[in-house]
Student: 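Handing you this structure, nothing more for now.
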Amino acid sequence: MISRNYRSLISKNSIKRYYLSVASDYFPNEPLKPEIISETYPGPINESKLSELAKSFDHRAAYFVADYYKSIGNYIADVDGNKLLDTYCQISSIPLGYNNPELLKACSSKEMQVALANRPALACFPSNDYESILKDGILAAAPRGLDKVWTALSGSDANETAYKAAFMYKAAKKRGNSKFTKEELESVMDNKSPGAPAASILSFDKGFHGRLFGSLSTTRSKPIHKLDIPQFPWPRAPFPSLKYPLEQYSIENQKEEERCLELTEALIKEWPDSIAAIIVEPIQAEGGDNHASPYFYQGLRKLTKAYEILLIVDEVQTGVGASGKFWCHEHLFDPNDPPDIVTFSKKFQAAGFYYKLPELQPDQPFRQFNTWCGDPSKAIIAKTIYNEIIKKNLLHSTKKTGDYIFNNLETLFNGKFFQIVKNLRGKNRGTLIAFDFNTAKERDGFLLECRKNGVNIGGCGDTAVRLRPSLVFEKRHADILLNIVEESLSKLY
Ligand SMILES: O=C(O)CCC(=O)C(=O)O
Ligand SMILES: NCCCC(=O)O
């Protein structure tokens with residue numbers, strides 16, 4: 001069992017060379033290529049299943065109806081028997097391929113059965129093995145410098161609980177050793193100050209941090225997510241809009257990052273209410289796969305320290321290996337000056353936030369609380385995912401696959417498609433790669449053409465295509481992807 005922090009283990013495992021494909025090892029029966037067998041795409045069974053589903057469930061966001069019994073490794077099956085190479089992976093949340101045997105084994109363990117059949121109210125009745133499940137999984141993977149965790153239910157919940165921790169921390173600092181006042185205790189029941197203070201969380205334009213009430217107020221990617229829902233009047237700062245290729249625009253891009261840092265500082269100075277925390281993604285994913293450099297992130301870290309604001313890094317989408325490092329912010333931050341809080345979900349299947357300062361645990365129990373406070377069954381899955389990533393050296397292979405995809409896309413897009421596809425990004429960020437079309441319509445047409453040709457790809461932002469394959473996506477899968485990208489572009493243009 002692996003329980004030590006992953007860094008020492010990575011260097012040890014790097015000595016081993018995985019000449020054999022990890023994917024073939026896990027999935028001896030994985031298809032060798034996509035199989036589109038329906039005469040039309042989407043196929044007829046898909047259409048009839050969707051209209052059945054529509055009677056009781058809003059089906060309108062469905063790309064297709066999947067068959068998870070038949071999905072295997074990097075291939076997702078649909079109800080018509082088609083098998084698509086999946087580079088979207090349930091919006092970036094399948095870490096080890098479909099029906100991974102180690103995850104299936106974990107699911108049939110006694111530990112899992114007990115966790116599922118007796119879901120505990122963790123904060124009141126923690127299970128006798130929760131501490132060791134965390135220690136051998138979620139905590140073993142903790143980002144450098146952050147050794148505590150609070151578990152949550154989803155990415156939105158991870159961010160919201162982090163915000164609450166930040167607000168209570170700030171209020172406790174202000175209050176010092178004093179107790180809650182009578183006025184605070186009474187006013188809070190009317191949702192009024194001083195019990196419910198006018199404190200805020202600063203987020204960035206195009207950022208996505210979830211859809212619950214608090215998290216939605218910090219989400220700024222698309223109006224459709226927010227319309228008609230009351231929002232907190234919190235500050236929004238500009239996020240750098242970088243020009244590509246980066247090497248060509250280094251001076252302009254640095255100026256752009258300086259501009260955004262200056263405007264963020266101005267907002268901090270001018271904002272009438274106290275800013276408890278700033279939240280930022282290492283790559284803004286839903287908002288369009290927008291990147292910024294270490295200069296920007298380290299500048300933010302300096303600002304948050306200077307103004308005594310907590311820095312939350314939202315790794316819900318970017319964490320757990322896809323960037324070629326376990327946490328994407330490790331590419332961007334000074335290792336000796338990490339963020340205060342890092343949130344996670346998606347590829348870890350479990351959700352929550354890591355932190356360092358003991359005071360981020362509120363001064364009393366039942367303040368950061370709900371019935372479940374996480375889920376041991378999900379923490380067991382996270383432990384298995386973590387151990388497999390380390391054992392199979394998947395950070396290294398993800399980096400290698402990502403570099404291979406990036407270099408080949410660069411050649412392809414610099415060739416005959418240079419006016420169609422632009423802004424290839426994600427160099428040295430593992431498989432977190434994206435590119436833009438000129439319009440949303442062109443992008444959507446490309447995504448559909450790729451599915452018709454056997455590759456499931458996702459979009460983000462207004463015009464971007466993003467790659468989000470699993471961590472067992474290898475060179476031979478990449479070759480199929482690259483061929484189908486080229487074939488789809490050639491058919492369309
Ligand atoms: O749209 C959503 O609610 C979340 C999905 C997400 O994280 C994404 O699209 O990147
Ligand atoms: N944020 C939306 C994710 C679903 C999709 O467009 O694929």
Side-chain angles (χ1 to χ4, degrees), residues 42 50 57-66 76 78 84 86-95 152-160 162 203-229 231 239 279-291 312-320 322-323 328 342-352 425-426 429-437 439-451 455-470:
L50 274 183
F57 185 80
D58 185 350
H59 70 300
R60 290 167 301 169
Y63 286 63
F64 54 82
V65 181
I76 182 166
D78 73 12
L84 289 88
D86 197 358
T87 68
Y88 197 26
C89 283
Q90 310 299 322
I91 321 182
S92 193
S93 60
I94 295 287
L153 303 168
S154 65
S156 295
D157 189 38
N159 287 334
E160 297 229 347
S203 60
F204 289 90
D205 201 20
K206 301 280 178 214
F208 182 92
H209 303 291
R211 293 182 185 252
L212 300 179
F213 278 105
S215 53
L216 190 63
S217 288
T218 52
T219 282
R220 316 282 191 171
S221 52
K222 295 181 189 118
I224 196 73
H225 300 155
K226 292 163 75 75
L227 284 163
D228 299 337
I229 297 162
Q231 314 273 323
F239 190 82
I279 184 158
V280 68
E281 297 154 277
I283 299 169
Q284 290 188 322
E286 209 280 335
D289 258 35
N290 310 313
H291 292 244
I312 304 173
V313 170
D314 177 342
E315 288 256 25
V316 166
Q317 179 142 173
T318 49
V320 192
S323 74
C328 187
V342 171
T343 61
F344 60 91
S345 182
K346 293 224 191 230
K347 276 202 177 55
F348 234 176
Q349 302 290 303
R425 51 202 181 273
R429 293 293 179 273
T431 52
L432 296 172
I433 294 169
F435 45 90
D436 287 321
F437 279 78
T439 64
K441 195 166 165 224
E442 286 178 27
R443 184 269 313 272
D444 293 346
F446 171 77
L447 297 180
L448 179 61
E449 190 58 40
C450 284
R451 281 200 293 283
V455 171
N456 186 36
I457 311 196
C460 60
D462 296 328
T463 56
V465 171
R466 58 175 153 173
L467 301 186
R468 294 293 180 271
S470 76

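Order of appearance sets the numbers: ligands from 1, and atoms from 1 within every ligand. Side chains are part of it too, since the values below use all heavy atoms of this structure and drop only hydrogens, waters and symmetry mates.
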Student: For atom 3 (C) of ligand 2, grab the closest protein heavy atom and report residue, atom and distance to one decimal in Å.
Tutor: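 It is Y88 OH, 3.6 Å.
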Student: Check each atom of ligand 1 against the heavy atoms of I91 and keep those under 4.0 Å away; list them by number with element.
Tutor: 5 (C), 6 (C), 8 (C), 9 (O)
Student: Hey, is K222 touching ligand 1 through its side chain, its backbone, both or neither, going by heavy atoms under 4.0 Å?
Tutor: neither
Student: Consider every N or O of Y88 and every N or O of ligand 1, then say whether any pair is closer than 3.5 Å.
Tutor: no
Student: In a check of side chain to side chain contact (heavy atoms under 4.5 Å, CB included) between F239 and each of Q284, K206, R220, which one passes?
Tutor: Q284
Student: How far is atom 3 (O) of ligand 1 from its nearest protein heavy atom, and which residue and atom name does that atom have?
Tutor: R211 NE, 2.5 Å
Student: So is H225 polar-close to ligand 1, meaning N/O to N/O under 3.5 Å?
Tutor: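 For ligand 1, there is no N or O atom that lies under 3.5 Å from one belonging to H225.
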Student: Of all the non-hydrogen atoms in the protein, which one sits nearest to atom 8 (C) of ligand 1, and at what distance?
Tutor: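 Looking only at protein heavy atoms, the one closest to atom 8 (C) of ligand 1 is E286 CG, 3.3 Å.
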Student: Donor-acceptor pair, N159 side chain versus S215 backbone, under 3.5 Å?
Tutor: no
Student: Is it the case that the side chain of E281 and the backbone of D289 share a donor-acceptor pair, with hydrogens and angles ignored and the cut-off at 3.5 Å?
Tutor: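 Pair absent, no side-chain N/O of E281 close to backbone of D289.
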Student: Just need the protein heavy atom nearest to atom 7 (O) of ligand 1, so name the residue and atom and give the distance.
Tutor: K346 NZ, 2.9 Å
Student: Salt bridge (Lys or Arg N to Asp or Glu O under 4.0 Å) for D462 and K222? Distances and angles first, verdict last.
Tutor: CA-CA 9 Å; D462 296 328; K222 295 181 189 118; over 6 Å; no
Student: Going by the atom numbers of ligand 2, which of them fall below 4.0 Å from some non-hydrogen atom of Y63?
Tutor: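 Answer for ligand 2: 5 (C), 6 (O), 7 (O).
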Student: Checking S93 side chain against K347 main chain: does a donor-acceptor pair fall under 3.5 Å?
Tutor: no
Student: Keeping the roles fixed (side chain from R443, backbone from A464), state whether a donor-acceptor pair exists under 3.5 Å.
Tutor: yes
Student: Roughly how far apart are N290 CG and F204 CZ, rounded to 0.5 Å?
Tutor: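 Between atom CG of N290 and atom CZ of F204 there are 12.5 Å.
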Student: What orientation do F344 and F348 show, parallel under 30°, tilted 30 to 60°, or perpendicular over 60°?
Tutor: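 Correct class here is perpendicular.
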Student: Looking only at protein heavy atoms, which one is nearest to atom 9 (O) of ligand 1, and how far off is it?
Tutor: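 Looking only at protein heavy atoms, the one closest to atom 9 (O) of ligand 1 is R466 NH2, 2.8 Å.
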Student: Under a 4.0 angstrom heavy-atom cut-off, which atoms of ligand 2 come close to E286?
Tutor: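 In order of numbering, the contacting atoms are 1 (N), 2 (C).
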